[in-house]
Amino acid sequence: ATRCTGGLYCKAQRKQTLLHFAGRRAMDIEGLGDKSVEQLVDEGLVSSPADLYALKFDDIVDLEGFAELSSNKLLSAIEDSKQPSLARFIYALGIPDVGEETAKVLARSLGSLERVQQALPQVLTYLPDVGLEVAHEIHSFFEDAHNQQVIEELLKHGLQIQDQGELGAEFSASTTLGGFLDKLHIPSVGPGGAQKLADKFGSLEAVMNADWLDMRQALPEKQANSVREFFAVEENRQRSLTAEAQLADFGMHWQSEKKVVEGLPLAGQTWVLTGSLELMSRDIAKDKLESLGAKVAGSVSAKTHCVVAGPGAGSKLTKANELGLKVLDEEAFVVFLSKHGITV
DNA sequence: GAGTACAGCGCGGACTACTT
DNA sequence: AAGTAGTCCGCGCTGTACTC
């Protein structure tokens, strides 16, 4: 994507950042819409999200449209936003390519802001739907000095991020030594070769320091050569060790098998909501489904398990019918939920 | 046979249009 | 004007044909 390179100095970008930060799905600061952000930035009162938390009554009461009432309202809305969930907070930061879903994944899997901030690209790619590209965006966002400063100030102003905790299961479950070696992208060595190395040596150090004979026992000549050459490069050794150290630091230990069968009834299923739902909001419906282990997607495909269609459903319902997918109307959906012990 | 390169697909994210 | 459904694009993943 191309974006304005004005960075810190670009007013328009700062406004966008603030609007996103305050948005209903992010920090949910009511009363901070287009108009107010416009003024706050133009008057030089606010230039980063952190500045919001330093605003005083006297600063804003003279602004256009801000008499006593709305000033107090805004201040208390800001105050009320001080305990965001980790997922919301990450989303609010507006990291490129990180929307609500990816923010949730980061929060769930890494469990704490520190870990998200420190995570190396190689480590981030362990998360579902995070590839190298997105991993680098995340990593460089937190490496940026200005971004670091803003986060630091936010915390200093009393922001308390909730649900800091342990590493999530999906992260720990997906880390194996074989998988890790595969991610190093040693030329000529794919998943198969990586697994053989893992089986034979059992640790990264052992692979790095293996002598030729042992190496040849694990792999054919060409691949064995490639591995040696790879680890002969100092930079590769460092990168591998750092990534491994971080995984260990995050409390990770190599596991032999990756598969976790989740106990949730809809684990692994993808659902789609379309049309207007009248008995509950879309967000609630989505939450309910997610709590049963389902993934709620935005578009219908052959991989969709079920479509919930309210009145006014359009192309998605058509497609679902074309594909012969299971479709529930809202009433049937509510019945379905109650069968799983969820009341609306 | 194993690794790689490539293509197609599904989903998330961002944008647009429509409704109220 | 705000909120929501629909559309479009790009990233990551998977499956397949190709190569060594």
Side-chain angles (χ1 to χ4, degrees), chain A residues 1-4 16-17 19-20 22-26 28 30-38 65 87 90-106 121-122 124-138 174 178-179 181-197 218-227 230 258 268-278 280-286 289-290 294-305 307-320 323 325 330:
Chain A
T2 54
R3 31 185 107 78
C4 168
Q16 278 312 116
T17 304
L19 276 173
H20 176 81
R24 209 164 57 80
R25 315 195 70 93
D28 192 19
E30 225 177 313
L32 208 62
D34 279 336
K35 265 271 180 334
S36 355
V37 165
E38 189 86 9
I90 294 170
Y91 174 61
L93 292 173
I95 304 165
D97 292 328
V98 177
E100 267 186 290
E101 291 305 316
T102 311
K104 278 187 204 167
V105 167
L106 287 168
Q122 287 80 7
L124 288 167
T125 58
Y126 276 99
L127 309 188
D129 299 317
V130 177
L132 257 188
E133 188 115 0
V134 173
H136 275 115
E137 287 286 4
I138 297 171
S174 58
L181 291 169
D182 181 36
K183 275 186 193 292
L184 296 176
H185 295 114
I186 302 169
S188 309
V189 180
Q195 193 53 53
K196 283 183 202 153
L197 285 173
L219 295 175
E221 186 175 357
K222 190 182 165 204
Q223 294 186 40
N225 249 317
S226 184
V227 175
F230 182 85
K258 64 175 341 185
Q269 294 195 13
T270 303
W271 287 53
V272 172
L273 305 172
T274 186
S276 44
L277 300 180
E278 288 159 341
M280 70 185 90
S281 78
R282 288 174 87 83
D283 278 350
I284 301 286
K286 191 176 174 199
L289 284 168
E290 283 174 351
K295 195 166 174 175
V296 178
S299 51
V300 175
S301 74
K303 298 229 171 133
T304 308
H305 288 82
V307 173
V308 177
S315 60
K316 289 176 193 164
L317 179 55
T318 315
K319 188 159 179 197
L323 293 166
L325 301 175
E330 197 176 2

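Note that these values count all heavy atoms, side chains included, but never hydrogens, waters or copies made by symmetry. Order of the sequence lines fixes the chain letters, A, B, ..., with proteins taken first and strands second; residue numbering starts at 1 for each chain.
Of the candidates C:dC20, C:dC11, C:dC13, the closest approach to any side-chain atom of A:K222 belongs to C:dC20. Closest to the side chain of A:D129, out of C:dT4, C:dC13, B:dG13, is C:dC13.
To the nearest angstrom, P of B:dC11 lies 21 Å from CD of A:E133. Computed from coordinates, the A:I186 CD1 to B:dT4 P distance equals 10 Å when rounded to whole Å. Rounded to a whole Å, the CG atom of A:D97 is 7 Å from the P atom of C:dG12. The interatomic distance linking A:I95 (CD1) with B:dA14 (P) rounds to 11 Å, in whole Å. Atom CD in A:Q195 sits about 11 Å away from atom P in B:dG3, given to the nearest Å. Atom OH in A:Y91 sits roughly 9 Å away from atom C1' in B:dG13 (whole-Å rounding). For the pair A:E221 CD and B:dG1 P, the computed distance is 21 Å after rounding to whole Å. Whole-Å rounding puts the A:E100 CD to B:dG13 C1' distance at 10 Å.
Taken to the nearest 0.5 Å, the NE2 atom of A:H20 stands 9.0 Å off from the CD1 atom of A:I95. Taking CG of A:L273 as the reference point, atom CD of A:E330 lies at 9.5 Å (rounded to 0.5 Å).
Residue A:T274 has no polar side-chain atom (N or O) positioned under 4.0 Å from OP1 or OP2 of C:dA5. Contact annotation: A:R25 does not reach the phosphate of B:dG13 (side-chain N/O to OP1 or OP2, under 4.0 Å). For A:Q223 and B:dG3, the shortest distance from a side-chain N or O to OP1 or OP2 is below 4.0 Å. For A:T270, a side-chain nitrogen or oxygen approaches OP1 or OP2 of B:dC11 to under 4.0 Å. Between A:T102 and B:dG13 there is a side-chain polar atom (N or O) within less than 4.0 angstrom of OP1 or OP2.
Of the residues near DNA chain B, A:A194 and A:V296, the one whose nearest nucleotide (by heavy atom distance) lies more toward the 5' end is A:A194. The 5' end of DNA chain B is approached more closely, in terms of each residue's nearest nucleotide, by A:S188 than by the other of A:S188 and A:A103. Nearest-nucleotide positions on DNA chain C place A:L273 closer to the 5' end than the other of A:T125 and A:L273.
Residue-level contact check: A:P187 touches the backbone only, with heavy atoms under 4.0 Å from sugar-phosphate atoms and none from bases.
Ionic pairing of A:E101 and A:K286 is present here: one or more N-O contacts between side-chain nitrogen and carboxylate oxygen are shorter than 4.0 angstrom.
Checked by atom type and distance alone, the side chain of A:H185 pairs as donor or acceptor with a backbone atom of A:K183 at under 3.5 Å.
In this structure, A:V272 and A:V296 have side chains that are not in contact, with every pair of non-hydrogen atoms separated by 4.5 Å or more.
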